[in-house]
Amino acid sequence: QVHLAESGGGSVQPGGSLRLSCAASGFNVSGYCMAWFRQAPGKEREGVAIIDSDSSIYYADDVKGRFTISQDNDKNTLYLQMNSLRPEDTAMYYCSADPAPPRSEWWLMNRLAYTYWGQGTQVTVSS
């Protein structure tokens, strides 16, 4: 049974850093397309960072240079290192996975491409 469990969220001041983790079970992350999405109140869930099974990586434009997605295949865990956080990064962050999503960057950044989801972890950036 596929299960994704996020952790590492919290409250941080602007300019601060957080590292999110997503522990996966029931499948191997190395063989799946793994992604981080976020959803702010009143907004749609949006793609933040993707790491595909061929190690291709994609980022949303507003996080490029600040966020880094990675995974540890031995620990079967996905990570999101978030630096230089801004108030507009405040959202619930979700880990997602799919064995074979449509292989275009537009689709990979679309929540509809992913079958499995975690429960989310809250990130709040405020002074």
Side-chain angles (χ1 to χ4, degrees):
Q1 184 177 359
V2 171
H3 184 67
L4 299 169
E6 303 94 337
S7 61
S11 295
V12 66
Q13 292 187 338
S17 298
L18 284 173
R19 188 175 84 152
L20 306 184
S21 299
C22 173
S25 59
F27 71 103
N28 293 323
V29 298
S30 60
Y32 276 53
C33 183
M34 303 296 299
W36 289 99
F37 281 74
R38 67 185 179 187
Q39 188 166 18
K43 294 188 177 182
E44 292 195 1
R45 193 170 298 190
E46 62 178 4
V48 175
I50 316 295
I51 182 166
D52 205 346
S53 55
D54 65 355
S55 299
S56 298
I57 290 176
Y58 306 91
Y59 293 102
D61 287 343
D62 59 348
V63 307
K64 286 180 181 176
R66 301 189 297 122
F67 291 11
T68 303
I69 190 171
S70 63
Q71 65 187 40
D72 185 327
N73 294 334
D74 291 338
K75 294 182 178 179
N76 217 35
T77 299
L78 178 73
Y79 300 100
L80 185 68
Q81 178 66 44
M82 306 187 294
N83 298 328
S84 302
L85 282 161
R86 304 167 180 169
E88 53 264 39
D89 295 318
T90 295
M92 186 71 78
Y93 282 71
Y94 297 91
C95 171
S96 61
D98 196 276
R103 251 60 182 224
S104 73
E105 186 171 353
W106 186 89
W107 265 112
L108 290 174
M109 297 297 277
N110 191 311
R111 61 180 178 83
L112 296 177
Y114 296 86
T115 302
Y116 305 108
W117 292 86
Q119 292 300 305
T121 186
Q122 177 68 37
V123 171
T124 302
V125 185
S126 174
S127 55

Requested in this report: Just jot down the side-chain hydrogen bond (donor to acceptor under 3.5 Å, both in side chains) partners of Asn83, sequence neighbours excluded, or say none.
Outcome: Ser17, Gln81
**Report entry** Salt bridge present between Lys64 and Asp61 (N-O < 4.0 angstrom)
**Finding:** yes
Query raised in the report: Is the shortest side-chain N to carboxylate O distance from Arg86 to Asp62 below 4.0 Å?
Result: no
Query raised in the report: Is the closest side-chain heavy-atom distance between Thr77 and Val29 below 4.5 Å?
Result: no
**Report entry** Partner of Arg103 under salt bridge (Lys or Arg N to Asp or Glu O under 4.0 Å), chosen from Asp98, Asp54, Asp52
**Finding:** Asp52
Query raised in the report: Hey, what do you get for SG (Cys33) to CH2 (Trp107), rounding to the nearest 0.5 Å?
Result: 13.0 Å
Query - Exam field: side chain Asn28 to backbone Gly31, donor-acceptor pair closer than 3.5 Å - result: no
Query raised in the report: Given side chains that start at C-beta, do those of Tyr79 and Gln71 come closer than 4.5 Å, heavy atoms only?
Result: no
Requested in this report: Answer yes or no: is there a donor N or O on one side and an acceptor on the other, between the side chain of Arg66 and the main chain of Ser84, under 3.5 Å?
Outcome: yes
Query raised in the report: For Tyr32, what residues pass the ring pair (Phe, Tyr, Trp, His ring centres under 6.0 Å) criterion, not counting sequence neighbours?
Result: Phe27
Requested in this report: Side-chain contact test, heavy atoms from C-beta onward, threshold under 4.5 Å: evaluate it for Cys95 versus Met34 and give yes or no.
Outcome: yes
**Report entry** Euclidean distance, Leu108 CG relative to Ile50 CD1, rounded to 0.5 Å
**Finding:** 6.0 Å
Requested in this report: Can you see which heavy atom on Thr90 is nearest to which on Val125, and at what distance?
Outcome: OG1-N, 2.9 Å
Report task. For Gln119, look at atom CD and say whether over 12 heavy atoms of other residues, nucleotides or ligands are found less than 6.0 Å away. Result -> no
Query raised in the report: Are Val63 and Met92 co-members of a hydrophobic cluster defined by side-chain heavy atoms under 4.5 Å apart?
Result: no
Report summary line: In terms of heavy-atom contacts, Gly9 and Val123 come closest through CA-CG2, 4.2 Å
Query raised in the report: Is there side-chain contact between Leu20 and Phe67, with at least one heavy-atom pair below 4.5 Å?
Result: no
Report task. Would you check if the side chain of Gln39 reaches a backbone N or O of Lys43 as a donor-acceptor pair within less than 3.5 Å? Result -> yes
Query raised in the report: For Ser127 and Pro14, which heavy atoms make the closest approach, and how far apart are they?
Result: N-CD, 3.7 Å
Query raised in the report: Take atom CD in Glu88; do more than 12 heavy atoms of anything else shown fall under 6.0 Å from it?
Result: yes
Report task. Taking the side chain as every heavy atom from C-beta outward, state whether Arg38 and Tyr94 have any atom pair closer than 4.5 Å. Result -> no
Report task. Apply side chain to side chain contact (heavy atoms under 4.5 Å, CB included) to the pair Arg45 and Trp117, showing each step before the final yes or no. Result -> CA-CA 12 Å; Arg45 193 170 298 190; Trp117 292 86; 3.3 Å; yes
Requested in this report: Identify the two heavy atoms, one from Trp36 and one from Leu80, that lie closest to each other, and give their separation to 0.1 Å.
Outcome: NE1-CB, 3.5 Å
Query - Heavy-atom side-chain proximity of Tyr58 to Ile51 below 4.5 angstrom - result: no
Report task. Please report the shortest heavy-atom distance between Gly47 and Ala60, naming the atom on each side. Result -> O-CB, 3.5 Å
Query raised in the report: Shortest non-hydrogen contact from Ser70 to Leu78?
Result: O-CD1, 3.4 Å
**Report entry** Tyr93/Gln122 under side chain to side chain contact (heavy atoms under 4.5 Å, CB included): CA gap, chis, key distance, verdict
**Finding:** CA-CA 6 Å; Tyr93 282 71; Gln122 177 68 37; over 6 Å; no
Query - Side-chain heavy-atom pair Ser21, Ser7 within 4.5 angstrom cut-off - result: yes
